[in-house]
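Here's the structure we're looking at; comments come further down.
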Amino acid sequence: MLLRSRTASQARESEVTPRNLVLSRRTALAGAAAAFAVGGIPSMSGAAGLSFQTTVRPRDEKADPIAPMKSATTYNNFYEFGTDKADPSRNARALRTRPWQVAVDGEVVKPATFGIEDLLALPLEERIYRLRCVEAWSMVIPWVGFPLAEILKRVEPTGSARYVAFQTLHDPQQMPGQRGPVLQWPYVEGLRLDEARHPLTILAVGMYGEVLPNQNGAPIRLVVPWKYGFKSIKSIVRITLTRDQPPTAWNRSQPNEYGFYANVNPEVDHPRWSQATERRVGDFFRRKTLPFNGYADEVAGLYAGMDLGKYF
Ligand code: MTE
């Protein structure tokens, strides 16, 4: 993400085509290996595989090859571990992701705390989504996770619940970036309840068929493919249903630059740069940015009648 003093470009994208394959752990890994072949991925030795069901793939794999795993795991934004793209892969190694719990509370009938093992036991799916960062770069990444709606269903939101707030772990001992004032900690994010319940919105526990690397938000992070990457909050410990729109880390830091909605929109420029095009990490040429990151058919209806220049 972007500080005033930095110039950068970053982005996320996605496209979808259903595929009804239930894969065993072995075939899941084979599938992941095939995906790697598309993007030229390194060896998987030593990594823990995940069982998943492949449901979402790029519409045009030629135009949208999967990013090399090395790019997705070494070019990151995770300010808790430093502001340089290479910092998270270097500094997040020591993050302890077990034991880990996610509390779900607020405007719900049945507040609950889920252990990470329980969440990993849910039926998992692979979602090949384009991630477009607000810094105008993008990557195609095969995530493994489950719809956020699954969890929301279990806690039974009350009739007053309108938003969902998310919070990252706050532990300056483990997260050196939290010892400085670069953002107000912990990192927080939010969605409207209908956005949170949308079937494209997932909680990811893996990528490339493996458990999520620490630098990508282990053990569990949000992925909202039609929004700029900063909405996809990492290393989540709390999810709270609220009546009022919750604060979000980047909006709190620079409200004129980062709105609550953060829908990918080529027509609404960031105050300091255009959002009309993006650079796919690894590509030389830029490409046009698509409204809602290519998911307009699925999600534009959520914003019918809203002025997206005002609600950016
Ligand atoms: N979550 C936390 N807790 N801290 C962060 O700094 N950065 C966000 C988002 N989630 C961030 C975060 C931004 S700006 C982006 S673009 C994505 O994570 C990057 O995800 P990736 O590194 O897995 O590509």
Side-chain angles (χ1 to χ4, degrees), residues 1-3 6 8-14 66-92 95 97 102 127 129-145 165-172 174-178 180 182-191 202-208 210-239 248-254 257-259 262 264 270 275 278-282 293:
M1 276 289 301
L2 310 176
L3 290 177
R6 288 164 64 88
S9 58
Q10 185 166 295
R12 241 181 217 212
E13 275 205 7
S14 44
I66 288 169
M69 188 178 182
K70 192 157 196 301
S71 306
T73 55
T74 56
Y75 191 81
N76 299 104
N77 276 332
F78 199 171
Y79 274 23
E80 285 84 340
F81 295 102
T83 56
D84 190 89
K85 296 283 177 280
D87 285 342
S89 61
R90 281 196 295 252
N91 302 334
L95 175 67
T97 58
V102 181
R127 303 288 189 99
Y129 284 164
R130 279 182 287 149
L131 169 76
R132 191 200 189 277
C133 185
V134 74
E135 295 162 310
W137 54 258
S138 58
M139 280 192 225
V140 179
I141 297 176
W143 302 102
V144 180
F166 304 84
Q167 191 180 310
T168 293
L169 176 70
H170 188 219
D171 184 350
Q174 290 198 74
M175 296 177 144
Q178 290 179 338
V182 61
L183 283 173
Q184 196 177 315
W185 308 109
Y187 195 101
V188 289
E189 254 306 334
L191 295 173
I202 60 165
L203 286 170
V205 293
M207 61 196 288
Y208 296 88
E210 304 176 9
V211 296
L212 207 56
N214 288 355
Q215 60 268 37
N216 294 92
I220 185 160
R221 57 92 58 86
L222 186 67
V223 182
V224 194
W226 70 94
K227 293 179 180 280
Y228 291 118
F230 66 88
K231 298 299 280 184
S232 293
I233 181 171
K234 298 177 169 182
S235 304
I236 297 169
V237 292
R238 183 172 293 274
I239 299 176
T248 67
W250 282 97
N251 179 253
R252 203 151 57 177
S253 158
Q254 286 151 238
E257 303 197 0
Y258 307 107
V264 173
H270 184 279
Q275 293 291 17
E278 65 202 55
R279 186 181 61 82
R280 187 62 50 81
V281 170
N293 200 22

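Just follow the structure's listing: the first ligand is 1, and inside any ligand the first atom is 1.
- Test Phe230, Trp250, Tyr187, Trp185 against Tyr79 for ring-ring contact (aromatic ring centres under 6.0 Å, His included) and you get one pass: Trp250.
- Each of the following atoms of ligand 1 lies closer than 4.0 Å to a heavy atom of Thr168: 3 (N).
- Contacts between Glu189 and ligand 1, counted as non-hydrogen atom pairs separated by less than 4.0 Å, are absent for every part of the residue.
- Among Met139, Lys234, Gln215, the residue whose heavy atom lies nearest to atom 22 (O) of ligand 1 is Lys234.
- In this structure the side chain of His170 reaches within 4.5 angstrom of the side chain of Pro172, judged on heavy atoms.
- Proximity of the aromatic rings of Tyr129 and Trp226 is defined here by a centroid distance below 6.0 angstrom, and this criterion is not met.
- Residue contact annotation: Arg221 has a non-hydrogen atom under 4.0 Å from ligand 1.
- Less than 4.0 angstrom separates some heavy atom of Tyr79 from each of these atoms of ligand 1: 5 (C), 6 (O).
- Considering backbone and side-chain atoms together, Asn76 places an N or O closer than 3.5 Å to an N or O of ligand 1.
- On a distance-only criterion, Asn216 and ligand 1 share at least one N/O pair closer than 3.5 Å.
- Considering backbone and side-chain atoms alike, Ser232 places an N or O below 3.5 Å from some N or O of ligand 1.
- Considering only residues two or more places apart in sequence or on other chains, Arg90 meets the salt bridge (charged side-chain N to carboxylate O under 4.0 Å, His left out) condition with Asp87.
- Annotation: the span from Met139 atom CE to Ser71 atom OG amounts to 6.0 Å, rounded to 0.5 Å.
- Taking the six-membered ring wherever Trp is involved, the centroid distance between the rings of Tyr258 and His270 falls below 6.0 Å.
- Between Ser253 and Leu183, the closest side-chain pair of non-hydrogen atoms falls below 4.5 Å.
- Residue Ile233 has at least one heavy-atom neighbour below 4.0 Å for each of these atoms of ligand 1: 1 (N), 10 (N).
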